[in-house]
J.: 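One structure coming up, written as structure tokens, with questions to follow.
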Amino acid sequence: MAKESETGNRLVFAYYVTGHGFGHATRCVEVVHHLILSGHDVHVVTGAPDFVFTSQIQSPRLFLRKLVIDCGVVQADALTVDRLASLEKYSETAVVPRDSILATEVKWLKSIKADLVVSDVVPVACRAAADAGIRAVCVTNFSWDFIYAEYVVVAGYHHRSIVWQIAEDYSHCQFLIRLPGFCPMPAFRDVVDVPLVVRKPRKSRKEVRDELGIEDNEKAMVLNFGGQSLDWNLKEEYLPPGWICLVCGAHDNQQELPHNFKKLAKDVYTPDVMAASDCMLGKIGYGTCSEALAYKLPFVFVRRDYFNEEPFLRNMLEYHEGGVEMIRRDLLVGHWRPYLEIATTLKPSYEGGVNGGEVAAKILQDAAHGKNYKSDQDSGARRLCDAIVLGFQLQRASGRDISIPEWYTNAQNELGFRTGSPQSSDAANNSSSFFQNSVCDEFEILHGDVKGLPDTVNFLKSLAELRVSHSSEKPYIRERKAAAALFNWEEEIYVARAPGRLDVVGGIADYSGSLVLQMPIREACHVAVQKIQPAKQRLWKHAQARQQAKGQKQTPVLQIVSYGSELSNRGPTFDMDISDFMDGGKPISYEKAKHYFSQDTSQRWAAYVAGAIIVLMKELNVRFESSISMLVSSAVPEGKGVSSSASVEVATMSAIAYAHGLNISPRELALLCQKVENYVVGTPCGVMDQMTCACGEENKLLAMLCQPAEVLGLVDIPSHIQFWGIDSGIRHSIGGADYGFVRIGAFMGRKIITYIASSMISQASSNSNGHNNHEHDISLLKTEASLNHLCNLTPHRYEHTYVKNLPDSMSGEAFLKEYKDHNDSATVINAKCIYPIKSATTHPIYENFRVKAFKALLTSSPSEDQLTALGELLYQCHYSYSGCGLGSYGTDRLIQLVQEMQHNNSNNNKSTQTDGSLLYGAKITGGGSGGTICVLGKNSPQTRQCITQIQKRYQKATGYKPFVFEGSSPGAGKFGYLKIRSREVSQKNK
């Protein structure tokens, strides 16, 4: 042990440790250990067990104060976070008693004469330090404002004050000591990076194995879920022969373990056990991930639900080739063997520092002496980038930032399918011509053609590359490796394509029966499907193990690979026995199917794809006797409000239908896809997205009356007009609370209107005395009393009769008590929530009128007045969205930039005596609350320059470079399908 400082310059540190998880306490121990070795006093404020600290530090200079003033997250079990309960618990722990906490902590900090407050990463500790006049420093890889931000989206924006308060607390920190595997943390002004903070093993590998009775020829695995009690029914057959499992955190009432499982003591020193093992199985947390990398221990991990720290740690782990992902289903049923066998082949390559505890302790000492740490000159850019990532919920800005590690942007760069700026048509055609020739060398197209679409040619090229990827020395990312083992290249493959869509006008009024105008965009999703006999399918190892465990042979299996998994926290692969969709010879219910996919959040995405199969089973009585292999590659960015989910659903349904010889019209296919999203995914949505993806045509707007899905035809986009989409960088989700609240508010409003109309009929009848003076009014009221869609109510009738009688808002409890139900099968009223009524009801009624006017204007003679009127309708639509609560800072800022550019152009044109402007209007699109805006302008190179200027100005203001959507492409119906076969196989068969 190192000698204590002899300088006599003893410092006092107050070290606050969050109440979430052992990982924070264990890394704190390492920093505290070095502070005490340097001769300082450390008061640790923690809720962790004493042994975590006292087992490593025996010193009178360590003071433990058992107190929890934040709660981290509430976990239903070792893998599941309860988001709403987490926010409620934090409010109960840190918000309600905030004043008392601050007063107590300020008094305590002064009483111990603290020189520095260290927080990992308790928000209120930073504010208490400021109030006490003491400097504060945070040591962490994530912050709670980032973790809770996504929870607020789901739980309701009335919780968002929690996030703002946390961020404000962190802003009192002098600087951040940032650990590897970090998340975006914009609240901190300055950042100092340090190496991994890990505990050191105390015993040799041989000593530990001898003590535990592990033979030299046995493989040892650590089962470690970060202090969470495990009460699973562990079985001998979970492990390969010759393996021993060392169980950390076994429940006190744990059943007697099989002979190849060993229960470890609760206070076991896990670094010793890990260093003596051959791999580890557990959930990803900072402690497990950092120590696995430090000891070069292969880590078989299972994703957790709703813990946003995880993707960044996972990427760090996989970047250093130290991780294997296990599907949660396989964890719970004991199909461990194939994953453990793969783990033993890994060679973790982390060569970075592991002395982060010592480095951090030195920085803290300097800070306590008054030294100021400033990060590099790009600190401002780092904070702006982090801020937009925080708001975008794990979606990060395009391009590189010096303060963000390279692995953070690997996914999009590796995929290479999408770019952040429009491609010129000439470049696209040249690219298409060049690649089509190379693709034709690899595949024979037996049906269909690429229709000059460069993205389709690119997709075929990527398929061709998969055939040789297994022999290439290039290190493919994990999803590419899985895709390379997906198809049997001797068999035919079917390819379908579906574009995303830009909501030009109509938006969320679709669920109220509005007319909508939608444009299919250039970006699209491609799905490749192979229908194959089970005996010929190339099964992944864990799928083989699952079938062997069930005693099954040649049973149809569905295997899916989805590209782009690293852009969000989801698994890249999914597989299941197709028989899982059957029960007693019949397809399972939609409710059971929804539950099947909801069990593992990291694989919930598969509901959008595999959901097509159960819908076809139930709606068209299709039975699948063959196996199915699928590759999904979408260039439609997620979370930007351009129907990324609908494009996946439509492309998937199309490819499956064509591969199985099903003749389904584009309209019927769109309705089936809506059932996938409503009933299997469980997301409330109208059908306009799916209908546009399926029925749309290039350079035309699809006109649809959503009652429920009547396609009125296609409206040509006049040659002098063009529409652009500009992404705000704020993540849009129709599953978010705002969309759901507004939708429920609109249906509540409709129900109230029908009640008002019925009451007025009764009143008019009782007052008529046989006279027919009010016959016309009563006829209207009868129609309105049975109103099926809000949009069938005209604006003048709404203003004249109903708007004054609608409440601004109403609690779910009050509404249910008075009106019983809102008659919307896609949403459920929460009795505790307050819903907007008047604004949510007003929007669709007026929006329907605006869409009708917009459609009529598009077909009128070209003129400046036409463009000005079209633009004004878009602006009115945008502000109506905001009135419902569906706006966002990012989209409002973009609209402001469009208006500024429009007015500047107009003034410049007046001075030069030229007519008109270049830009005329813009609006938020889709479900609102972020996402993309639609911009209307003249079809000219000068207008494109304006769009580029807006893109640059937004980037300067926010640090985020917007994705620009330009151009259109055919819907799935127009594209049809490709049937391809390896040219090598075709030549062999000749």
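Note that the structure is a prediction, hence the values are computed from the model and not measured.
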J.: Just checking, any donor-acceptor pair under 3.5 angstrom between side chains of Asp82 and Gln75?
T.: no
J.: How close do Ser811 and Ile834 get, heavy atom to heavy atom, and via which atoms?
T.: CB-CD1, 3.5 Å
J.: In terms of side-chain geometry, is the basic nitrogen of Glu168 or Arg127 positioned less than 4.0 Å from the acidic oxygen of its partner?
T.: yes
J.: Evaluate Leu281 against Asn224 for side-chain contact (heavy atoms from CB on, under 4.5 Å), listing each step before the verdict.
T.: CA-CA 6 Å; Leu281 169 59; Asn224 184 2; over 6 Å; no
J.: Anything under 30° is parallel, anything over 60° is perpendicular, the rest tilted; go ahead and classify Tyr148 against Tyr151.
T.: tilted
J.: Within the 3.5 Å criterion, strictly below it, is a donor on Gln165 or Asp169 matched to an acceptor on the partner's side chain?
T.: yes
J.: Go through the steps for Leu313 and Asn141 under the test side-chain contact (heavy atoms from CB on, under 4.5 Å), then give the verdict.
T.: CA-CA 9 Å; Leu313 292 173; Asn141 64 302; 3.9 Å; yes
J.: Looking at the rings of His24 and Phe142, which for Trp means the six-membered one, are their centres under 6.0 Å apart?
T.: yes
J.: Side chains of Thr18 and Asp70 only: does a donor on one sit below 3.5 Å from an acceptor on the other?
T.: yes
J.: Ring-plane angle category for Tyr835 and Phe741, please: parallel below 30°, perpendicular beyond 60°, tilted otherwise.
T.: tilted
J.: Could you tell me which non-hydrogen atom of Ser86 sits nearest to which non-hydrogen atom of Val74, and how far apart they are?
T.: OG-N, 2.8 Å
J.: Assess, by modelled atom type and distance only, whether the side chains of His369 and Asn9 contain a donor and an acceptor separated by less than 3.5 Å.
T.: yes
J.: If you apply the rule salt bridge (Lys or Arg N to Asp or Glu O under 4.0 Å), what do you find for Arg314 with Glu325, and how did you get there?
T.: CA-CA 9 Å; Arg314 187 184 71 245; Glu325 181 177 354; 5.2 Å; no
J.: Is any side-chain heavy atom of Val31 less than 4.5 Å from a side-chain heavy atom of Tyr15?
T.: yes
J.: Between Phe13 and His40, is the gap from one ring center to the other below 6.0 Å?
T.: yes
J.: Are Phe146 and Phe312 an aromatic pair by the rule of ring centers under 6.0 Å?
T.: yes
J.: Any ion pair linking Glu309 and Arg303 (charged N to carboxylate O, less than 4.0 Å)?
T.: no
J.: Locate the shortest heavy-atom distance separating Ser59 from Ile36; write the atom from each residue and the value.
T.: OG-CG2, 3.4 Å
J.: Given the rule in the salt bridge (Lys or Arg N to Asp or Glu O under 4.0 Å) test, do Arg98 and Glu105 qualify, once you have shown the distances and angles that lead to the verdict?
T.: CA-CA 10 Å; Arg98 177 178 174 83; Glu105 295 312 299; over 6 Å; no
J.: Between Trp144 and Pro123, what is the shortest heavy-atom contact and its length?
T.: CD1-CD, 4.2 Å
J.: Could you tell me whether Glu92 and Lys89 make a salt bridge, using a distance below 4.0 angstrom between a side-chain N and a carboxylate O?
T.: yes
J.: Between Gln56 and Phe53, is the side-chain contact (heavy atoms from CB on, under 4.5 Å) condition met? List the steps.
T.: CA-CA 6 Å; Gln56 186 169 345; Phe53 299 90; over 6 Å; no
J.: Salt bridge between Asp50 and Lys66, side-chain N to carboxylate O under 4.0 Å?
T.: yes
J.: Would you find more than 12 non-hydrogen atoms of other residues, nucleotides or ligands less than 6.0 Å from Gln599 atom CD?
T.: yes
J.: Between Glu291 and Arg199 (salt bridge meaning N to carboxylate O under 4.0 Å), is one present in this structure?
T.: yes
J.: Are Arg189 and Phe175 in a cation-pi setup, meaning NZ or CZ lies under 6.0 angstrom from the ring centre and within 45 degrees of the ring axis?
T.: no
J.: Just verifying a value: how many Å separate Ser38 OG and Arg10 CZ, rounded to the nearest 0.5 Å?
T.: 14.0 Å
J.: Check Met280 against Leu297 and note the closest heavy-atom contact, atom names and distance.
T.: CB-CD2, 3.7 Å
J.: Can you tell me how far CD of Glu30 sits from CZ of Arg27, rounded to the nearest 0.5 angstrom?
T.: 12.5 Å
J.: Ala128 and Val106: which non-hydrogen atoms are nearest, and at how many Å?
T.: O-CG2, 3.6 Å
J.: Could you walk me through whether Thr93 and Ile69 satisfy the side-chain contact (heavy atoms from CB on, under 4.5 Å) test, starting with their C-alpha distance in whole Å, then the side-chain angles of each, then the deciding distance to 0.1 Å, before giving a yes or no?
T.: CA-CA 6 Å; Thr93 305; Ile69 52 178; 5.6 Å; no
